[in-house]
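In the text below, chain A, chain B and the rest are named by the order of the sequence lines, each starting its count at 1. As the structure is a prediction and not an experimental result, all values here were calculated from the model.
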Amino acid sequence: MYKKLLKDDLENFIFILKKFGVVHAPVREAGRVYEFTELTDSKILQLNYTRTMIPPKKFFLKPKEQLYILNRREGFKEIVDDSKIVLLGVHACDINALNLLDRIYIDQFPDRYYKTRRENTIIIGVSCKPDEYCFCTSTNSSYALEGFDLFMHEIDDSYIIRIGSLKGFQIVCESENLLAEASSNDIKEFKRAEAERLKEFTLHLNVNGIQDILDASYDHPVWQENADICFGCGSCNLVCPTCRCYDTADFLNLDLKTGVRVRRWDSCMLKQHGLVAGGLNFRPTRVERLYNRFNCKMSLSEDSLNCVGCGRCTVYCPADINFVEVLKQVGED
Amino acid sequence: MTVKNPLTPMEAEIIRVEEMTSIEKLFYLKLTDPQIIGEFHYNPGQFLEVSVPGVGEAPISICDAQREPGQLQLCIRKVGRVTNAIHRLKEGDRLWIRGPYGNGFPMKLMENHNLLLIAGGLGIAPLRSVLQHALLYRTNYGLITVMYGVRCYSMMLFREEFIRLFREGDKLNVKFLLAYEDESDTKCYQLACERSDRCMRGLVTRLIEAATITPDNTYAVICGPPVMYKFVVRELTQRGFTPTQIYMTMERRMKCGVGKCGHCITGSSNSIKYVCKDGPVFTYWDALKTKGLM
Amino acid sequence: MKEPASENKPKIGVFSLTGCAGDQLMILNLEDTLIELLSKFEIKSFQEASSYSENIRLDIAFVEGSVSTEHDLEKLKEIRDKSSLLVAIGDCAVNGCVQAMRNSQTSIAERMLDVYGVEDNIYRALEPKGIGEYVRVDFEIPGCPVEKEEVFNTLISLLNGDPPLIPDYPVCVECKLNGYPCVIIEEGKPCLGPIITAGCDARCPSLGLDCVGCRGPIKGETNAKAELEALRKRGYPDKYIINRLRFFAGNFPDIRILGERKNSKGEK
């Protein structure tokens, strides 16, 4: 089931998407970076974006959110947000990143907030072109096989659409008038475009056995060198589509009886991340935290990296620490 | 939708508070919702996330073996924002808990073996749950040896209970040994005079050095301040304990308890562990494989 | 829970040392909640709001301003002696703030000469420092001035008997949480956000402005050298960067060494 949508019909297609939820898509306002925001006017849509600074995880695990209204006597009343959203234009790396987050946030002890939003959100992927920071082919995340409802592959004047879920199929049914069956020629064109895209990747990282290489390289000088220029500011974690650490805090109101429990993204590069009650810190130095971050990124579990090669941590590091470069140095000598 | 929210705490009533030391209190809790009571089971070594609404939440290990449905005990040291707030609470007040979390000790695996429990300071709290469990099912376990290191008599937790075991443990096939640090501690000195082979001045490792312990058919279980592990493990391995015969329970700032918040992740990428769900109980073998765990 | 009777209310005092009294002003700026909030305390002294009274044992003393004269120091020690908890409010009290900008670069004598035309230390001036240099401080609320919300939450925490929650992470975190573009990366601006204590919700970067560091560096976790390096790479001269770093953080050891004068005369 492959469909075809003419670019000229995109605006009409978005009109239909609005029936399924509030459409959010990559836009870039003056003086801003690319970001997923509500698409108020389809003219501001920028499907040919490189990357958003903040990944789409922000829709599921909010940067800051209230979890509970609390009351000293009555306890905790959860705040559930069940708004319906359509995310249009998500890149394959970010879809694969959400699949990794799902393993953490849904597979075991499902997180009510994350799961509800994941269920209430339609994801429409879009194909992309790599820039010099992309290395998703190295992390096996340059193509999305699951985790989306529809995926649009750009070819010439149209998009070839793959259907990834029942919800995606419903959208296709609703948009019957706009979509054609993809012809065998279209498929050929789709395959050609994908093959072309692969050739455009210039950044590669060999991840074979990287877990052991990292384990064996605890004393490598590259860690200290980079820790010396690192701010420990946490930007790398906060822009990472697979970083998922959070912290919680309670705030009381003036009555000292009611309040809220909030959570916000946390970062393992921040000093207090490894702190335990009583003041002991398991990762007191920046070099230990840096080493830990790279190790965490290269292993979610025995069978999976925790990195999708999106390049954000390098692009948005104010100290210009290059993620791939560091790993190459560790691996090469 | 009635999806269960693992982050939502349950109400528990404080049914008793005992002051144990100047900084530690023992809280007896009872869940208030009768519907939950039946489902609430915990194993030795598991922990809870304990909330004081408006103040915050902190991970606390359970310090007893489950006997009454819906009841449990927590030994809480006043060290931070949340534990300070808990210390202000009294009998009849409410605490909010969720859990139990973590793997707990492999009580089944350890059946028909001797147990060697080695604790320093507050580390005795989770090991007390192992001890209680083994005493509750006494015939399932062999000789129980407890080695407990304290700074001084006044810092000793569960004092009456343990002194009774110190004196009369043999009746239950329990050897309770005490090490104390403070030279001028007359009360501990008296205990040492009473049984010089069971109470000595020094660190908990002193007890291992002085005792004749063999790894035969024995599991060692350790809990204490992080600095303690290295020395205790060295003593044990010198005496022939294998890395899988040694269990230890670890502390991290587990914010969620359910493997999400990332605060307890440790290790290098060929062995990443979550203290909250892969632990908090690990074998020494896990610690050898997992960088930074110990 | 009943409203505490007057005699059970925490007795507080708010005091000023050398500074602009802007932090006290921020407390008064809590207009919506001020009356209700302050009604939970028994205010024994509030220099900015009413007259100054002494000789009363306080539960909490809030001190703003730096120690810049012998008189400040005497006053501070007296406040400390009379108070169970001492809270430093604002950068001046935390770390000396702008008054400390030239510490270790010029001597008191030079400054006297420049400003008053005499070398004699007629005002018994000291090198401006935060109050923690002289007495034990229980909590510190950074900011120049402090943030209203932080003051509010601190007062609430203290009322409830809890230590206040003060951020110990940099402004970058708040930029990312809000999705503000990084002004260093996108525009090459000399932003100090990576080493400065958060809590302002990245107010300046939210307007496209670079952080000037008014909440001070994060204690124990400031890589000042890296900041120097990052801004050098973007073409800023060392002197500019160091002056900028010193503006709010002249007493900060890592920043101080970046701008230490080689042959300081008359420094004690």
Side-chain angles (χ1 to χ4, degrees), chain A residues 28-37 52-54 58 62-65 72-73 226-240 243 247 249-257 259 264-267 269-273 275 281 284-286 289 312 315-321, chain C residues 1 3-4 30 32-37 39-40 149 152-153 155-157 159-162 165 167-187 191-196 198 201 207-208 218-231 233-234:
Chain A
R28 182 181 206 164
E29 285 171 38
R32 304 281 298 185
V33 281
Y34 285 119
E35 54 191 329
F36 278 96
T37 49
T52 56
M53 177 176 79
I54 303 299
K58 72 171 181 178
K62 299 257 176 187
K64 309 177 262 195
E65 68 178 317
R72 306 202 81 153
R73 284 180 171 282
N226 282 283
D228 286 345
I229 59 165
C230 173
F231 291 114
C233 72
S235 292
C236 47
N237 298 118
L238 300 165
V239 300
C240 176
C243 273
D247 201 358
D250 285 8
F251 291 95
L252 274 177
N253 296 330
L254 196 51
D255 61 8
L256 298 181
K257 288 171 193 144
R264 63 157 176 80
W265 290 349
D266 202 356
S267 152
M269 288 306 302
L270 302 177
K271 192 168 191 169
Q272 92 289 357
H273 193 272
L275 208 61
N281 196 328
T285 63
R286 237 174 354 256
R289 301 200 287 277
R312 285 185 179 92
V315 175
Y316 298 107
C317 174
D320 298 321
I321 294 173
Chain C
M1 263 199 308
E3 186 77 9
L30 285 164
D32 309 346
T33 48
L34 188 69
I35 303 289
E36 200 182 337
L37 183 61
S39 73
K40 293 175 188 287
E149 290 70 23
F152 176 82
N153 285 326
L155 292 175
I156 293 288
S157 287
L159 265 177
N160 201 44
D162 304 321
L165 296 169
D168 48 6
Y169 47 84
V171 177
C172 293
V173 171
E174 290 177 337
C175 274
K176 299 302 175 295
L177 294 180
N178 286 297
Y180 302 145
C182 176
V183 296
I184 301 182
I185 292 165
E186 307 294 335
E187 302 181 58
C191 182
L192 303 187
I195 60 167
I196 297 300
D201 211 22
L207 302 165
I218 307 158
K219 288 200 170 170
E221 179 58 13
T222 284
N223 195 346
K225 263 195 195 143
E227 183 74 38
L228 181 66
E229 202 43 54
L231 298 186
K233 257 197 283 187
R234 285 164 176 89

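- Only the side chain of A:Ile54 comes within less than 4.5 Å of a heavy atom in chain C; its backbone stays farther off.
- Heavy atoms of C:Ile185 lying under 4.5 Å from chain A belong exclusively to its side chain.
- Atom CG of A:Leu254 sits about 5.0 Å away from atom CD1 of C:Ile156, to the nearest 0.5 Å.
- Taking chain A as the reference chain and counting heavy-atom pairs below 4.5 Å, the highest number among C:Gly208, C:Gly220, C:Pro194, C:Cys191 is found for C:Pro194.
- Interface remark: C:Tyr180 contributes backbone and side-chain atoms alike to the contact with chain A (heavy atom separation under 4.5 Å).
- Nearest heavy-atom pair, A:Arg72 versus C:Asn160, reported as atom, atom and distance to 0.1 Å: NH1-OD1, 2.7 Å.
- Ranking C:Leu165, C:Ile184, C:Asp168 against chain A, the residue ahead of the rest is C:Asp168, based on heavy-atom pairs under 4.5 Å.
- By the 6.0 Å contact criterion, CG on C:Leu207 is enclosed, its count of non-hydrogen atoms from other residues, nucleotides or ligands being greater than 12.
- Between chain C and the residues A:Arg289, A:Lys58, A:Lys62, A:Glu35, the most heavy-atom pairs under 4.5 angstrom are made by A:Arg289.
- Atom CG of residue C:Asn223 and atom CZ of residue A:Arg286 lie 4.0 Å apart, to the nearest 0.5 angstrom.
- Although no hydrogens or angles enter the test, the distance criterion places no donor-acceptor pair under 3.5 Å between the side chain of C:Lys176 and the main chain of A:Asn237.
- The residue from C:Cys172, C:Cys175, C:Cys182 that alone fulfils the side chain to side chain contact (heavy atoms under 4.5 Å, CB included) condition with A:Cys233 is C:Cys172.
- Put simply, the side chain of C:Val173 does not reach to within 4.5 Å of the side chain of A:Trp265, judged on heavy atoms.
- Of the atoms belonging to A:Asp228, it is backbone heavy atoms, and not side-chain ones, that fall under 4.5 Å from chain C.
- For chain C, the nearby part of A:Leu270 is the side chain; its heavy atoms alone come within less than 4.5 Å.
- A salt bridge does not link C:Glu186 with A:Arg32: none of the charged nitrogens is closer than 4.0 Å to a carboxylate oxygen.
- In this structure, A:Phe231 and C:Glu221 approach most closely via the heavy-atom pair O-OE2, 4.1 Å.
- For A:Asp250, the part sitting under 4.5 Å from any heavy atom of chain C is the backbone (N, CA, C, O) and nothing else.
- For A:Asn253, the part lying near chain C is the backbone, with the side chain staying farther off; criterion is any non-hydrogen pair under 4.5 Å.
- Considering all non-hydrogen atoms of both residues, A:Ile229 and C:Ala226 come closest at O-CB, 3.3 Å.
- Among the candidates A:Val239, A:Asp320, A:Asp266, the residue making the largest number of heavy-atom pairs closer than 4.5 Å to chain C is A:Asp320.
- Contact annotation for A:Phe251: only side-chain heavy atoms (C-beta onward) come within less than 4.5 Å of a heavy atom of chain C.
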task = In sequence, state the C-alpha distance, the side-chain angles, and the governing distance for C:Asp201 and A:Lys64, and then conclude on side chain to side chain contact (heavy atoms under 4.5 Å, CB included).
result = CA-CA 12 Å; C:Asp201 211 22; A:Lys64 309 177 262 195; 3.5 Å; yes

